[in-house]
Each structure stands twice: as C-alpha cells, then as structure tokens.
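Reviewing the structure listed below.
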Amino acid sequence: MLIMDLGILLHALTPSLDSVAILVTFFTYLAIFGSILPGKVVQGAVLRDGTRLHYRCNGLLSLLLLVGLIGVGAWMNFISPTVISDRGLELLSTTFIFSVLVTLVLYAAGSRSHNQGSSLKAHVTGNLIHDWWFGIQLNPQFLGIDLKFFFVRAGMMGWLLINLSILAKSALDCPLSRSMILYQTFSALYILDYFVYEEYMTSTWDIIAERLGFMLVFGDLVWIPFTFSIQGWWLLHNKVEITTAAVIANCIVFLIGYLVFRGANKQKHVFKKNPKELIWGKPPRVIGGKLLASGYWGMARHCNYLGDLLLALSFSLPCGISSPIPYFYPIYLLILLIWRERRDEARCAEKYREVWAEYCRLVPWRILPYFY
C-alpha cells in the first residue's frame, strides 16, 4: 500500500507538458502586459552608487485583466476553471525545477558580469552554494525586465490564481462552506491590497538590499503561492463548520491585522518619501534624523510583523482546530519573522550605531508591545 501511495504521489509530482505550458503562458503574459499596460512609474531607493531603478506599478491592472481573460475563457469553454487545482502537485514540481534552473542561469550570468554599478555588480564569495542560494547580483534584468520585481509579482498573482481554481473546484463539488468563503475573502483582500499599494514594495528590504538568488526566487515562485494556499487545499478535502461567533471573531482578527500591517507599512513608506509628513495628526518623532519613532513605529520596532502574523492567523482560523496542517503558514511566518527581526536588529545596530541604541531605548518592544 505504501509503495502504491508513493507511486501515486510521484506520478502526481511529475511535470507534464500541460504544466510547462501553463507556467510559460503565465510568465509570458506577465512579461508582455507588465511592460505595456499603463501604471504609475515609481523611483526605487537610492543605491550605493547614487542610481535609482524605476518600477512600473501596474500589477493590479495586470491581475484584473488576467482574471478577466481566464473568466471569459472558462465561460467560453476554452479552459477549465479547475485547470490549476487539477494539476497542483505537478505545477509545484514544475515551478520548483524552473526556480532551480533560472537561479543557475542567474549565477552563471552574474559571475561573468563586469558591470560595476550597484544593481549588476557581481558579489562572488567563491562558495558556490552560498552564491547560488543568496545570489550575486542585486537587480538582474532580462529584456529590460527587473527580475526581482517580476518574480514577487508572479508569486502573489499565482497565489490568487491557485485560490480561485480551488474555489471553482469546491463550488463544483458541493455548496461553499463558511470556512471556504472566509479564507478566500481574506486572502483575496490581502492580495488585492498588495497590488493597490504595490509601490510600497519598492522600499522593502528584499527589493533594496537582498541579492537575487535561489532563496528569493524559490520564496517568490514556489513558497508564496503553494504554501500560502495550504488552507484552501485543506478545506477542499475537509468539511469544517464554524459558528457565527467564530466568523465574527475571525473577521476582527483580520481587521486588526490589516490595520496594523497596512498602517505601519504606509507610515514607513510615507516617511521615506517625506520625513515631515504628519503621522496620526502630529509631526513625526525622528531619532537622529533617520529613524521614525512615531505612530506604529513608536509602539514596536517591527510592528508591521505583528500585523502580518495576525493576517496569517486569520487565513487559518476558518479551518478550525482539528488539525495543525492549516496552521503551517502562521507558524512558519512566526519563526521566519523572529529570525528576520533578529537579523534586521543586527544590521541596524551596525548601520546606525548610537542612533539605533537610542531608538531601542525609546521603543523597547520588538514586535508585540509589552510582551516581546
């Protein structure tokens, strides 16, 4: 029986021409329409050599057009609305293989680069695994497309497309449950919000400081869409009934998480653009002329992480408490954000020195005020 189950799993994981075609079509669409659709052009952060990249933030329009085209195609019976959910595992393996291959190409191309600009300068340590994992170039491009921005956009869109296909499959099998509706609503709002405020991504650490290697590519293309949708997959195969009180409580967790997450990120982004902009109706408190200590950032040094954790929890709560599987995402995120927070603290202490020490004295809490 075990051998038979293993054989079925391996067969389901084996890439097919259909899964390759789906992935190629998706990337081709994003490359073409991401380049031609109108959108706000945003300046990125100033790099070490004084240059700035420019990003066309048309992700929301690209996403809505793509969903519309898929909807029309399904209505006209050109494609099945469950095409993704029917091939979940083989799409997972296909995307993983693509991530490995593309990062090997990035490593090879970056190693041969003689460009001394901050975006394309090669940072080679000589350790093949390290350089492949973390990347050796900050902002590699292909045909004029910034690959780092492209991949994170693809991951967020992929998450929504997987969810919509799961939703279609669930609706075909039986009436939609409250749990499925809640999960789909919360995650869709989160993803749409990401694209509404896509320009905020240009000021995040991943974009301005992390080099593009397997860690980021795998995280964007495989981890985000396929693990963040675990709750949907689980609800597709498990019936969960939740009470009205549980629905209300779940909505409150989502709302608080969203207000903290979006509010904190917006305050940081606005502060970077205009350090004198009022925060909660008052002039911002700035430490050493560099660090914001007002609003959410006066409550905890990484308060945006708290919002992110509450949102992740709200995606899992509709699944009930009968299994830990749907809680993989918030548990993983908790571990990741604590690790990242410690990493950020070390970098900021080295970069800002006494200014950071003063900020830590004024804002002693790391993520959750009065607790951690």
Side-chain angles (χ1 to χ4, degrees), residues 12-39 55-106 140-169 184 187-188 190-192 194-195 198 201 206 212 214 216-230 232-233:
L13 281 167
T14 303
S16 67
L17 289 177
D18 286 341
S19 60
V20 172
I22 291 171
L23 200 62
V24 170
T25 301
F26 177 52
F27 287 147
T28 302
Y29 169 87
L30 289 185
I32 294 175
F33 286 90
S35 299
I36 64 176
L37 288 177
Y55 301 92
R56 185 183 296 275
C57 296
N58 56 9
L60 181 63
L61 183 58
S62 298
L63 176 61
L64 294 177
L65 178 60
L66 177 58
V67 172
L69 290 173
I70 293 174
V72 171
W75 178 67
M76 299 180 68
N77 292 322
F78 288 157
I79 58 174
S80 168
T82 63
V83 64
I84 296 175
S85 55
D86 290 339
R87 295 173 173 79
L89 289 177
E90 66 181 68
L91 280 170
L92 169 63
S93 61
T94 303
T95 309
F96 175 79
I97 292 170
F98 173 82
S99 299
V100 173
L101 294 177
V102 77
T103 48
L104 289 174
V105 172
L106 287 172
Q141 297 185 357
F142 178 71
L143 299 178
I145 298 171
D146 183 277
L147 292 178
K148 191 187 292 184
F149 199 63
F150 177 85
F151 287 146
V152 69
R153 175 182 284 185
M156 293 299 291
M157 288 190 185
W159 179 15
L160 181 62
L161 294 181
I162 289 173
N163 279 349
L164 291 178
S165 188
I166 290 173
L167 180 65
K169 193 174 185 66
Q184 291 286 347
S187 56
Y190 180 85
I191 296 166
L192 290 173
Y194 170 87
F195 286 108
E198 189 178 28
M201 186 65 192
D206 285 354
L212 187 62
F214 182 77
L216 281 188
V217 175
F218 173 83
D220 290 339
L221 298 183
V222 180
W223 196 259
I224 288 176
F226 290 98
T227 64
F228 289 14
S229 58
I230 283 177
W233 291 108

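What you see is a predicted model, and the numbers here were worked out from it, not measured in a lab.
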[Y] side chain reached by [X] side chain, heavy atoms, under 4.5 Å:
{"X": "Ile166", "Y": "Gln184", "value": "yes"}
{"X": "Trp233", "Y": "Ser85", "value": "yes"}
{"X": "Lys148", "Y": "Leu216", "value": "yes"}
{"X": "Leu65", "Y": "Tyr29", "value": "yes"}
{"X": "Leu101", "Y": "Val105", "value": "no"}
{"X": "Leu164", "Y": "Ile84", "value": "no"}
{"X": "Val152", "Y": "Asp206", "value": "no"}
{"X": "Ile70", "Y": "Leu161", "value": "yes"}

The test is side chain to side chain contact (heavy atoms under 4.5 Å, CB included); show your working for Leu147 and Leu106 and say whether it passes. CA-CA 10 Å; Leu147 292 178; Leu106 287 172; 3.8 Å; yes
Heavy-atom pair with the smallest gap, counting every atom of [X] and [Y]:
{"X": "Val100", "Y": "Thr103", "result": "O-OG1, 2.9 Å"}
{"X": "Phe26", "Y": "Gly158", "result": "CZ-N, 4.0 Å"}
{"X": "Pro225", "Y": "Ser229", "result": "O-OG, 2.7 Å"}
{"X": "Ser19", "Y": "Glu90", "result": "CB-OE2, 3.4 Å"}
{"X": "Met157", "Y": "Ser62", "result": "CE-CB, 3.8 Å"}
{"X": "Leu37", "Y": "Asn58", "result": "O-ND2, 2.8 Å"}

Within the distance-only criterion (no hydrogens, no angle test), does the side chain of [X] pair as donor or acceptor with the backbone N or O of [Y] below 3.5 angstrom?
{"X": "Thr94", "Y": "Val20", "answer": "no"}
{"X": "Ser165", "Y": "Pro81", "answer": "yes"}
{"X": "Tyr194", "Y": "Arg153", "answer": "no"}

Nearest-0.5 Å distance, [atom1] of residue [X] to [atom2] of residue [Y]:
{"X": "Leu104", "Y": "Phe214", "atom1": "CG", "atom2": "CZ", "result": "9.5 Å"}
{"X": "Thr95", "Y": "Leu92", "atom1": "OG1", "atom2": "CG", "result": "7.0 Å"}
{"X": "Thr25", "Y": "Leu30", "atom1": "OG1", "atom2": "CG", "result": "11.0 Å"}
{"X": "Phe150", "Y": "Asp220", "atom1": "CZ", "atom2": "CG", "result": "11.0 Å"}
{"X": "Ile22", "Y": "Leu91", "atom1": "CD1", "atom2": "CG", "result": "5.0 Å"}
{"X": "Leu60", "Y": "Ile191", "atom1": "CG", "atom2": "CD1", "result": "12.0 Å"}

Do the ring planes of Phe151 and Phe98 sit parallel (below 30°), tilted (30 to 60°) or perpendicular (above 60°)? perpendicular
Using the ring of each side chain (for Trp, its six-membered ring), is Phe149 parallel, tilted or perpendicular to Tyr55, with breaks at 30° and 60°? tilted
Walk me through whether Phe228 and Ile162 qualify under side chain to side chain contact (heavy atoms under 4.5 Å, CB included). CA-CA 10 Å; Phe228 289 14; Ile162 289 173; over 6 Å; no
Is there a side chain to side chain contact (heavy atoms under 4.5 Å, CB included) between Phe78 and Leu69? Walk through the geometry before answering. CA-CA 11 Å; Phe78 288 157; Leu69 290 173; over 6 Å; no
Measure centre to centre between the rings of Tyr190 and Trp159, then say whether the value is under 6.0 Å.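 Distance test on ring centres: under 6.0 Å, yes.
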